[in-house]
Trainee: 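One structure, pasted below without further comment.
Reckoned from all heavy atoms, side chains included, excluding hydrogens, waters and symmetry mates. Every chain is numbered from 1, with letters handed out A, B, ... down the list of sequences.
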Number of protein chains: 2
Amino acid sequence: MKGIREKLEKYALGSVQTSGFKALSFRKMATEIGIKSSSVHYHFPEKSHLAKALIERYSAEFFQALDAIAEKPGGLEEKIIDFFTIFEEVIKENKLCLCGMMAAEVELLNDENRQLLADYFTKTEQWLVDLITQHQSEIKSSLSAQVLAKSLLSSLEGALLLDRVVNDNQRLTAQKELFVSMLFA
Amino acid sequence: MKGIREKLEKYALGSVQTSGFKALSFRKMATEIGIKSSSVHYHFPEKSHLAKALIERYSAEFFQALDAIAEKPGGLEEKIIDFFTIFEEVIKENKLCLCGMMAAEVELLNDENRQLLADYFTKTEQWLVDLITQHQSEIKSSLSAQVLAKSLLSSLEGALLLDRVVNDNQRLTAQKELFVSMLFA
DNA sequence: GTCTATATACAGATAGAC
DNA sequence: GTCTATCTGTATATAGAC
């Protein structure tokens, strides 16, 4: 079947966003999909290959969503709020951003996957820098676009991390209030 | 020996802050300290007991550091910068906050340890709320102390998470610049 | 308090049949 | 592509000697 690899990745993605990469086993994946663990190894010979596939897949879908935000008509405030919405959807499912989760486990990853993870963060920051720069006239902050971008992304990842533990979304809400107030109020 | 438990906790703390709780085994702890894994079970019958000891120990030392900041003479800006410094020391060692790391692994913890983890974050936020409220006249932000506290703590945890992956401290620096600018500039 | 020895379960990974 | 079977290593945890 062509769909098996797809099912494996889908399940693995949700599992890692919930419990982390270390806690995911080929046996659990196999049982969940209804095949044997040796068959999972056909699709992903080593677990690091699965990690790579997950980071690449998650990154591709994420940057596609960012492109959609960038291309939409509307001002910066609307686009920033759309950016927040991506993270709000994640916490609603009691998950973390895949790359935020794997960032905690970075010491367990090989060099290639560490680089893919770093790329996810730096490219997202660069997307924010470009967005802010294009709408520079709409904001009142004197901080550089670089500082705003790095602060915004790490603030959102941290808010997800803590909100899931405390079981609300107050930190995500607080971050939104703070950035909207600082940039547009 | 009385010092064995101490050595075990010290090693475990550093290991979890680096690689996470799931990746730490009683065997590694034992080998590191120079005893057998069965002896580790004498001190911590189950792994969850170790998790509890680590969270409680880390929290106690952290809140002690917060008390020292609160009792020191000086204005709010100085105290907030001292708060940042705690996190800067962590990233220098290429580690995460213990509770930030375990927040990623919260689904693997039992209810008691989840509660201890949630307490760490909410108590720290409350400490920040109290601090900000006491120095309300020194800040220029119109945001509530609650929003500022939740935003500040989660921003710092997120900055640690991302800086370790990208292998610099630019996000921690950006957060400091943003908060100092927003509150005091 | 630490040891040896062991129980039981699970991990990633591979060989070879079909 | 998936299977059975298996290898090798590791995990948490316990029993009982010293």
Trainee: Nearest whole angstrom, please: distance from the C1' of D:dG1 to the NZ of A:Lys7.
Mentor: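 A:Lys7 atom NZ is separated from D:dG1 atom C1' by 14 Å.
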
Trainee: Could you tell me how far apart A:Phe21 (CZ) and C:dA11 (P) are, to the nearest whole angstrom?
Mentor: 13 Å

Trainee: Which listed nucleotide (D:dT4, D:dA13, D:dA11) is nearest to the side chain of B:Glu46?
Mentor: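 Nearest nucleotide to the side chain: D:dA13.
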
Trainee: Taking the cut-offs as 6.0 angstrom to the six-membered ring centre and 45 degrees off its axis, would you call B:Lys28 and B:Tyr11 a cation-pi pair?
Mentor: no

Trainee: Please work out if A:Lys36 contacts a base, only the sugar-phosphate, or nothing of the nucleic acid, heavy-atom cut-off 4.0 Å.
Mentor: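 The answer is base, as A:Lys36 lies within the cut-off (heavy atoms under 4.0 Å) of a base atom.
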
Trainee: What's the closest nucleotide to the side chain of B:Arg27 if the choices are C:dC3, D:dA13, D:dT12?
Mentor: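 Side chain of B:Arg27 sits closest to D:dT12.
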
Trainee: Starting from P on D:dT2, measure out to CZ on A:Phe26 and report it in whole angstrom.
Mentor: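 To the nearest whole Å, that distance equals 14 Å.
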
Trainee: If I take atom NE2 in residue A:His49 and atom C1' in nucleotide C:dA13, what distance separates them, rounded to the nearest angstrom?
Mentor: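 A:His49 atom NE2 is separated from C:dA13 atom C1' by 12 Å.
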
Trainee: Heavy atoms from C-beta onward define the side chain here; which of C:dA13, C:dC3, D:dA13 lies closest to that of A:His41?
Mentor: C:dA13

Trainee: Base, sugar-phosphate or nothing for A:Ser25? Non-hydrogen atoms, less than 4.0 Å.
Mentor: sugar-phosphate

Trainee: When you check the gap from the basic side-chain N to the acidic O, do A:Arg57 and A:Glu61 get nearer than 4.0 Å?
Mentor: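 Answer for the salt bridge query: yes.
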
Trainee: By nearest atom, which of the nucleotides D:dT2, C:dA13, C:dC3 is closest to the B:Ile35 side chain?
Mentor: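 Closest nucleotide among those given: C:dC3.
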
Trainee: Could you state the interatomic distance from CG (B:Leu108) to NZ (B:Lys47), rounded to the nearest 0.5 Å?
Mentor: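 Between B:Leu108 CG and B:Lys47 NZ, I get 8.5 Å after rounding to 0.5 Å.
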
Trainee: Tell me what B:Leu24 touches on the nucleic acid: a base, only sugar-phosphate, or nothing, going by heavy atoms under 4.0 Å.
Mentor: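 Sugar-phosphate, backbone atoms only, no base.
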
Trainee: Just how far, in rounded Å, is C1' of D:dA13 from CE of B:Met29?
Mentor: 14 Å

Trainee: Is the positively charged end of B:Lys123 above the ring of B:Phe62, judged by distance under 6.0 angstrom from the centroid and angle within 45° of the axis?
Mentor: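 No, B:Lys123 does not lie over the aromatic ring of B:Phe62.
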
Trainee: Please report the distance, rounded to the nearest Å, between CD1 in A:Ile33 and P in D:dC3.
Mentor: 12 Å

Trainee: What is the distance, rounded to the nearest whole Å, between atom NZ of A:Lys47 and atom C1' of D:dG9?
Mentor: 15 Å

Trainee: Please report, rounded to the nearest Å, how far the C1' atom of D:dT10 is from the NZ atom of B:Lys28.
Mentor: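 Nearest whole value for this atom pair: 9 Å.
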
Trainee: So, does B:Glu157 use its side chain to make a donor-acceptor pair with the main chain of A:Leu161 at under 3.5 Å?
Mentor: no

Trainee: Would you kindly compare B:Tyr42 and A:Lys22 by the position of their nearest DNA chain C nucleotide and give the one closer to the 5′ end?
Mentor: B:Tyr42

Trainee: State which of D:dT12, D:dC3, C:dT4 makes the closest approach to the side chain of B:Ser38.
Mentor: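 The answer is C:dT4, which lies nearest to the side chain.
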
